[in-house]
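Numbering of ligands and ligand atoms starts at 1, following listing order. In what follows, every heavy atom counts, from backbone to side chain, and hydrogens, waters and symmetry copies are set aside.
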Amino acid sequence: MSVPRPSEAAPVATPSPAWSLRAARAGDADAWHALQATIYAEGRAFVGDGPPSGGALAARLRALDPDQGTVRFAELGSGAAPADRAAAPGGLIGWVEAYRMGSRRLQHVAVLTVAVAPRWRGRGVGRALMAELATWGRRRGVRKLQLHVRAGNAEAIALYQRLGYALEGVLRDQVAGDGGFEDEWVMALPLDPPEGWWP
Ligand SMILES: CC(C)(COP(=O)(O)OP(=O)(O)OC[C@H]1O[C@@H](n2cnc3c(N)ncnc32)[C@H](O)[C@@H]1OP(=O)(O)O)[C@@H](O)C(=O)NCCC(=O)NCCS
C-alpha cells in the first residue's frame, strides 16, 4: 500500500455567522449525547456500540484536565436559519475531542475524535475544529495528534490528508461489519515536525 503524503496546508475556514466554535461546558452533555447519537445512527464512522450516556459524557467533561485533553464544539450562531436550528436540538453541530496518553513516555501523543452533523458537512466545520485542536496541542506541548479511522471512511480520510495527517499503520480486518471485516488506519500529524518526519 502506498503511504499518503500530506498535501499543501490548506487555509483555516473562518466560522460563518451561522456557527462558531467554543470550548465545552459542563452543561453540554445531553446535547453532545444527541449529536453523537446521529453519528452512531449512520453506522459508518465509529466502532463503538452506541453513544455514551449523557451522564457518562457529563462525567467526562467534569473530569477534563485542560493540560491532558480538550473538547471543543461547533454550535449554531445567531445567523442560523430556523430549519437548521430545528435540526440541531441543543445547538451543537460538531465536536472534536483529544486526550493525551497517560504514561510519561506517551504524554507527547494525543488521540482525537472529530465529527460533524450530516447537515453541516462540507462547509468547513470539520477543518475549523481540527485547526483549533492543533492550536490546543501546540500550546500544551503535544508532539503528535493521532487518530484511528475506518479504511472505508473516504470523507474523513480526505479531511485528514488535506490537513497533513499521514498514514502510520493499518490494522487489518479490525472492524466487523455486515459484509465482512474492514481495515482501520492509524493516522497522525506531527506538530512542529522534525526534519525527515515524512516517509
Ligand atoms: C469527516 C468529517 C468530520 C469532515 O467534516 P466536514 O465539516 O464535512 O469537513 P470540511 O467541510 O471542513 O472539509 C474539509 C476537507 O475535508 C475533505 N472532505 C470533506 N468532506 C469530503 C467529501 N465528502 N469528499 C471528499 N473530501 C471531503 C476535503 O478535502 C475538505 O477540504 P476542501 O473543502 O478544502 O476540499 C465529517 O464528514 C463527519 O463528521 N463524518 C462522520 C463522522 C466521522 O467520520 N468522523 C471521523 C471518524 S475517524
Side-chain angles (χ1 to χ4, degrees), residues 4-22 24 28 31-52 57 69-77 79-81 84 87-88 90-99 109-137 144-172 174-177 181-189:
R5 286 174 175 276
S7 56
E8 286 297 304
V12 174
T14 307
S16 77
W19 57 274
S20 60
L21 304 184
R22 66 166 172 81
D28 288 324
W32 191 14
H33 170 81
L35 176 58
Q36 290 211 21
T38 66
I39 311 293
Y40 274 96
E42 293 181 285
R44 295 188 306 118
F46 293 164
V47 297
D49 292 336
L57 292 173
T70 187
V71 181
R72 302 197 67 84
F73 288 115
E75 71 173 352
L76 293 178
D84 288 330
L92 302 184
I93 58 169
W95 86 95
V96 66
E97 61 185 317
Y99 306 95
V109 182
V111 180
L112 74 96
T113 302
V114 62
V116 174
R119 186 180 180 88
W120 284 89
R121 290 180 193 155
R123 301 202 231 174
V125 178
R127 177 200 295 269
L129 286 164
M130 295 291 278
E132 285 223 344
L133 177 66
T135 299
W136 168 82
K144 177 159 80 164
L145 293 173
Q146 189 179 67
L147 60 91
H148 287 212
V149 58
R150 287 162 67 168
N153 192 346
E155 296 93 340
I157 290 172
L159 167 70
Y160 303 142
Q161 289 180 334
R162 183 98 164 114
L163 297 177
Y165 284 69
L167 180 65
E168 290 200 315
V170 177
L171 308 177
R172 300 278 178 210
Q174 179 76 359
V175 185
F181 293 91
E182 184 181 2
D183 292 349
E184 196 170 51
W185 287 14
V186 181
M187 300 184 78
L189 177 75

Polar proximity ligand 1 side, [X] side, N/O cut 3.5 Å exclusive:
| X | result |
| --- | --- |
| Glu42 | no |
| Arg127 | yes |
| Gly126 | yes |
| Val116 | yes |

Presence of salt bridge, Glu42 and Arg150, under 4.0 angstrom | no
Any idea which atoms of ligand 1 are less than 4.0 Å away from a heavy-atom of [X]?
| X | answer |
| --- | --- |
| Val125 | 7 (O), 12 (O) |
| Tyr160 | 46 (C), 47 (C), 48 (S) |
| His148 | 48 (S) |
| Gly124 | 10 (P), 11 (O), 12 (O) |
| Ala115 | 39 (O), 42 (C) |
| Arg162 | 29 (O), 31 (O), 32 (P), 34 (O), 35 (O) |
| Ala45 | 42 (C), 43 (C), 44 (O) |
| Ala158 | 17 (C), 25 (C), 26 (N), 27 (C), 29 (O) |

Test side chain to side chain contact (heavy atoms under 4.5 Å, CB included) on Met130 and Arg162 and set out the steps.
-> CA-CA 11 Å; Met130 295 291 278; Arg162 183 98 164 114; over 6 Å; no
Which of parallel (below 30°), tilted (30 to 60°) and perpendicular (above 60°) describes Tyr165 and Tyr160?
-> tilted
Heavy atom of Leu147, distance to ligand 1 below 4.0 Å | no
Looking at Arg44, Arg150, Arg121, the heavy atom closest to atom 41 (C) of ligand 1 belongs to Arg121
